[in-house]
Amino acid sequence: MRWSQTFIPTHKEDPADAEIISHKLMVRAGLMHKLSSGVYTYLPLGLRTIKKVEQIVRQEMNAAGAVELLMPIMQPSELWRETGRWDVYGKELMKVKDRQNRDFALGPTHEEVITDLIRGQIRSYKRLPLILYQIQTKFRDEIRPRFGVMRAREFVMKDAYSFHENEASLDETYQRMYQAYTRIFQRCGLSTAPVMADSGAIGGDVTHEFMVLADTGEGEILSCECGYAATAEGAQSQLAPYKVEEKIKSMEKVETPEAHTVEQVTQFLNIDARRLVKTIFYRCDEQIIAILIRGDREVNEAKVHRILGCSTLEMATAEEILQVSGAPVGFSGPVGLKGMQMIADLSLKGLANIVVGANEDQCHMINVNFPRDFTVKRFEDLHLAQAGDLCPSCGKILTSRRGIEVGQIFKLGAKYSKSLKAKFLDQNGKESPFIMGCYGIGITRTVAAAIEQYHDQDGIIWPMTIAPYQVLILPLNVSDEMTMAAADGFYKQLVDAGLEVLLDDRDERAGFKFKDADLIGIPLRLTVGERSLRQGKVEVKLRRQNQVIKVDRDKAVSMIREMISEERLASEKS
RNA sequence: CGGGGCGUAGCGCAGUCCGGUAAGCGCGCCUGCUUCGGGAGCAGGAGGUCGGAGGUUCAAAUCCUCUCGCCCCGACCA
């Protein structure tokens, strides 16, 4: 492709609305253009890389036994009501109406559609397992789109779904997908870490996220030297031991004027936050429940959600809290709290003489002890794990890193097949729901993650496998006939050799073109200039390296071919 | 949805507090000359209903009201 014929609008300055490097570079290098918040046009250069990633995904999915199909973006609301997700997915769902005023969702994911398809088509275990996938634009009405394509409202995703007759078959496919994902990201040149995760709105029990390690990542990973790794939300953790060794005292009510946050109360009473127990109310579907947790810890709502098995979970409002506890927010406690389910986090174990809200404005209770002063029937792991907690598998200390989630795989079990009544007949002629798995990769996010991982102050440094072009030919002076004749010649030879080549035929000064070359990050640059040509040479340079290699012009093509296959191997191995 | 901020030329910004010679700068774009191996110099030029709608005023980018959009910080997820 000749630069002058394509459309690569590069920019010298960072866009004002970009925060992270990948967003800045994707705009500056002319990969994409924002239309609206979280909505982007993929320009020719950006699209080429997206297609490269898609191709790798296709190859690996096909190799893993999955088959591609394409489902509709527009999905009737009835299907979503059947699974209950019309409400559960809630505001994230991009909803539209047709002219008959019928509700549709723009697909954020396709469990409903695929399960509906299969329930009508597959009745026998003989057709299982079946793995289907698609690569498609997804819509999610994100509360806050940000970081360019990293959290967009419209983005490209590969989603795969598998159907099985039993758990064992699902396990096998899950493993195969796990391996396929590992290979996919490896081939994209990314170093990813599979970590255990929470399943969120998709549901299911076992799930792994594939994270690209990056400080700008939105996900927190807790890991241990023993190999345990999980997202903060998905992590189990043991708390570092804290046991109060003192005589049980008698409960007392004290006034704590204007002290309604943990910080204020602990300061006022001059106690460790670990002596305080927070009582947090949630509305779980229609019911209000109370969670008790140690003052220094946060509730992991995902865990609460999973344990209660409710479909919606929200923090109770101030009015609801006043209604159930009799006191404004900040003064609630378990003592005397009636008629409601109360679950305590494991962090309460070992505590004595604790401080809790008195369910009375401006008052707390001190020296509270259970089961003397209140009873808790149920203890669960509900706290958000954090660095410094102990590894659930070996007991050593967990450390924290950040990452970008580029893929996630789930064992769904029968969640969707049950709610959509998708059943098959097993060998015994017995009807049972399909056992399902689902597997997603954020294609556009993967591209952004690659840039996060591979860039320098001058621009992008594409891994060879996903670069929009493999070679950039840069003639220094396009009005010099000898230079252009040579550049054109190389272009033809390289294209004939099956390479993807961009020829910068713009009539610009050399320095300007070098800057653009670095910005768009084509891995291999072939510089053609009068001076070198007179010595029978051209210059070859890798974007990721500093040194320029002078090479005889008749050896250049074979050398480039060699370097490209080496780079390809290098990026696949990294 | 709460809290904060911003909308002035394709991009990045100043001007707004204190209404009137503030429609301005840099990049980019066009023309010409010079230059030509790391974002060139000079000269000339095109381009803006100052997000939109009302209002106040002799006079509004500037003040008021409403509205739309965008960004950042918190609860979501590939």
Side-chain angles (χ1 to χ4, degrees), chain A residues 9-20 23 27-28 30 33-39 57 88-93 108-109 135-160 181 197-202 207 209-212 217-219 231 233-234 298-302 305 313-315 317 384 404-410 438-449 458-459 474-480 483 507-519 525 527-532 539 541 546 548:
Chain A
T10 58
H11 304 275
K12 206 181 277 188
E13 287 171 284
D14 287 335
D17 57 9
E19 285 280 304
I20 62 169
H23 185 189
V27 174
R28 281 191 56 204
H33 178 81
K34 184 174 83 180
L35 177 63
S36 175
S37 176
V39 180
V57 168
V88 174
Y89 223 101
K91 295 175 199 131
E92 303 283 306
L93 263 189
T109 175
I135 295 175
Q136 191 199 44
T137 298
K138 298 286 193 250
F139 295 83
R140 293 189 189 173
D141 197 357
E142 291 287 346
I143 294 164
R144 186 146 88 84
R146 77 185 119 164
F147 302 148
V149 88
M150 205 68 95
R151 174 167 304 283
R153 293 197 292 176
E154 186 181 321
F155 58 98
V156 180
M157 178 171 149
K158 186 282 301 182
D159 47 326
Y181 272 42
D198 178 76
S199 56
I202 307 285
T207 173
E209 289 184 8
F210 286 77
M211 310 281 280
V212 172
E218 292 187 271
T231 61
E233 288 230 314
E298 297 304 320
V299 174
N300 182 342
E301 287 186 20
H305 208 140
L313 182 78
E314 279 181 89
M315 293 272 273
T317 61
L384 190 63
I404 300 162
E405 183 198 341
V406 288
Q408 186 165 11
I409 57 180
F410 303 79
C438 81
Y439 318 89
I441 290 179
I443 302 282
T444 37
R445 184 184 278 184
T446 299
V447 171
D458 295 316
L474 197 154
L476 292 169
N477 178 4
V478 297
S479 36
D480 177 60
T483 301
D507 185 9
E508 295 287 353
R509 295 160 55 87
F512 182 91
K513 296 211 281 191
F514 283 134
K515 287 290 183 190
D516 262 356
D518 288 344
L519 180 60
R525 190 179 81 197
T527 309
V528 183
E530 230 175 315
R531 209 187 296 160
S532 302
E539 292 163 19
K541 180 183 173 297
N546 277 326
V548 172

Beyond-backbone contact of [X] with [Y], side-chain heavy atoms, under 4.5 angstrom:
X: Val156(A); Y: Ile135(A); result: yes
X: Cys438(A); Y: Phe410(A); result: yes
X: Val406(A); Y: Tyr181(A); result: no
X: Ile441(A); Y: Phe210(A); result: no
X: Met150(A); Y: Ile404(A); result: yes

Donor-acceptor pair (no angle test) under 3.5 Å: [X] side chain, [N] base:
X: Arg144(A); N: C72(B); value: no
X: Asp516(A); N: G39(B); value: yes
X: Arg28(A); N: G39(B); value: yes
X: Arg140(A); N: C77(B); value: no
X: Glu508(A); N: G39(B); value: no

Give me syn or anti for A22(B), where syn covers glycosidic angles within 90 degrees of 0.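 A22(B): syn glycosidic orientation.
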
Only pairs with both distances under 3.5 Å count, Watson-Crick or wobble alike; so what is the partner of [N] in this structure?
N: G69(B); result: C6(B)
N: A22(B); result: none
N: C77(B); result: none
N: G54(B); result: C64(B)
N: G32(B); result: C42(B)

Hey, does [X] reach any base, or is it just sugar-phosphate, or nothing, if we go heavy atoms under 4.0 Å?
X: Ser36(A); answer: sugar-phosphate
X: Lys34(A); answer: sugar-phosphate
X: Thr231(A); answer: nothing
X: Glu539(A); answer: base
X: Arg151(A); answer: base
X: Ala152(A); answer: base

For nucleotides [N] and [M], find the distance between their [atom1] atoms and express it as a whole number of Å.
N: G39(B); M: U49(B); atom1: P; result: 35 Å
N: U35(B); M: C6(B); atom1: P; result: 48 Å
N: U8(B); M: C13(B); atom1: P; result: 10 Å
N: G5(B); M: A14(B); atom1: P; result: 15 Å
N: A53(B); M: A60(B); atom1: C1'; result: 15 Å
N: G52(B); M: G69(B); atom1: P; result: 15 Å
N: G24(B); M: A9(B); atom1: P; result: 14 Å
N: G44(B); M: U56(B); atom1: P; result: 45 Å

Would a distance-only check, ignoring hydrogens and angles, find a side-chain to backbone donor-acceptor pair under 3.5 Å from Arg153(A) to Pro145(A)?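 It does not hold such a pair.
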
Between Arg140(A) and Leu93(A) (side chain of the first, backbone of the second, donor and acceptor by atom type, cut-off under 3.5 Å), is there such a pair?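 Between the backbone of Leu93(A) and the side chain of Arg140(A) there is no qualifying donor-acceptor contact (under 3.5 Å).
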
Where the side chain of [X] is defined as all heavy atoms beyond and including C-beta, which of [options] is the nearest nucleotide?
X: Arg153(A); options: A78(B), G39(B), C70(B); value: C70(B)
X: Phe514(A); options: C70(B), G37(B), A78(B); value: G37(B)
X: Lys515(A); options: C77(B), G39(B), C76(B); value: G39(B)
X: Ser37(A); options: C70(B), C76(B), G37(B); value: C70(B)
X: Thr527(A); options: C71(B), C76(B), G37(B); value: G37(B)
X: Glu218(A); options: C36(B), C76(B), A78(B); value: C76(B)
X: Glu19(A); options: A78(B), C72(B), G39(B); value: C72(B)

Assign each of Val406(A) and Leu476(A) to its nearest nucleotide of RNA chain B by heavy atoms, then name whichever residue's nucleotide is nearer the 5' end.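 Of the two residues, Leu476(A) wins.
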
5'-most by nearest nucleotide on RNA chain B - Glu405(A) or Asn477(A):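 Whichever sits nearer the 5' end wins; that is Asn477(A).
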
Distance, rounded to the nearest Å, where [X] contributes [atom1] and [N] contributes [atom2]:
X: Lys12(A); N: C27(B); atom1: NZ; atom2: C1'; result: 6 Å
X: Glu154(A); N: A78(B); atom1: CD; atom2: P; result: 17 Å
X: His23(A); N: C11(B); atom1: NE2; atom2: P; result: 14 Å
X: Asp14(A); N: G12(B); atom1: CG; atom2: P; result: 10 Å
X: Arg146(A); N: C70(B); atom1: CZ; atom2: P; result: 16 Å
X: Glu13(A); N: C29(B); atom1: CD; atom2: P; result: 13 Å
X: Glu142(A); N: C71(B); atom1: CD; atom2: P; result: 13 Å
X: Glu233(A); N: C77(B); atom1: CD; atom2: P; result: 8 Å

Can you tell me if Asp516(A) and Thr10(A) form a side-chain donor-acceptor pair at under 3.5 Å?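 Yes, Thr10(A) and Asp516(A) have a side-chain donor paired with an acceptor closer than 3.5 Å.
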
Can you tell me if the side-chain N/O atoms of Lys138(A) get under 4.0 Å from OP1 or OP2 in C77(B)?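 Result: no.
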
Are Phe155(A) and A78(B) stacked, counting the six-membered base ring, centres under 5.5 Å, planes under 30°?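 Yes, aromatic ring over the base.
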
Tell me whether the count of non-hydrogen atoms from other residues, nucleotides or ligands lying under 6.0 Å of CD in Gln136(A) goes above 12.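 Atom CD in Gln136(A) is packed in, count exceeds 12.
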
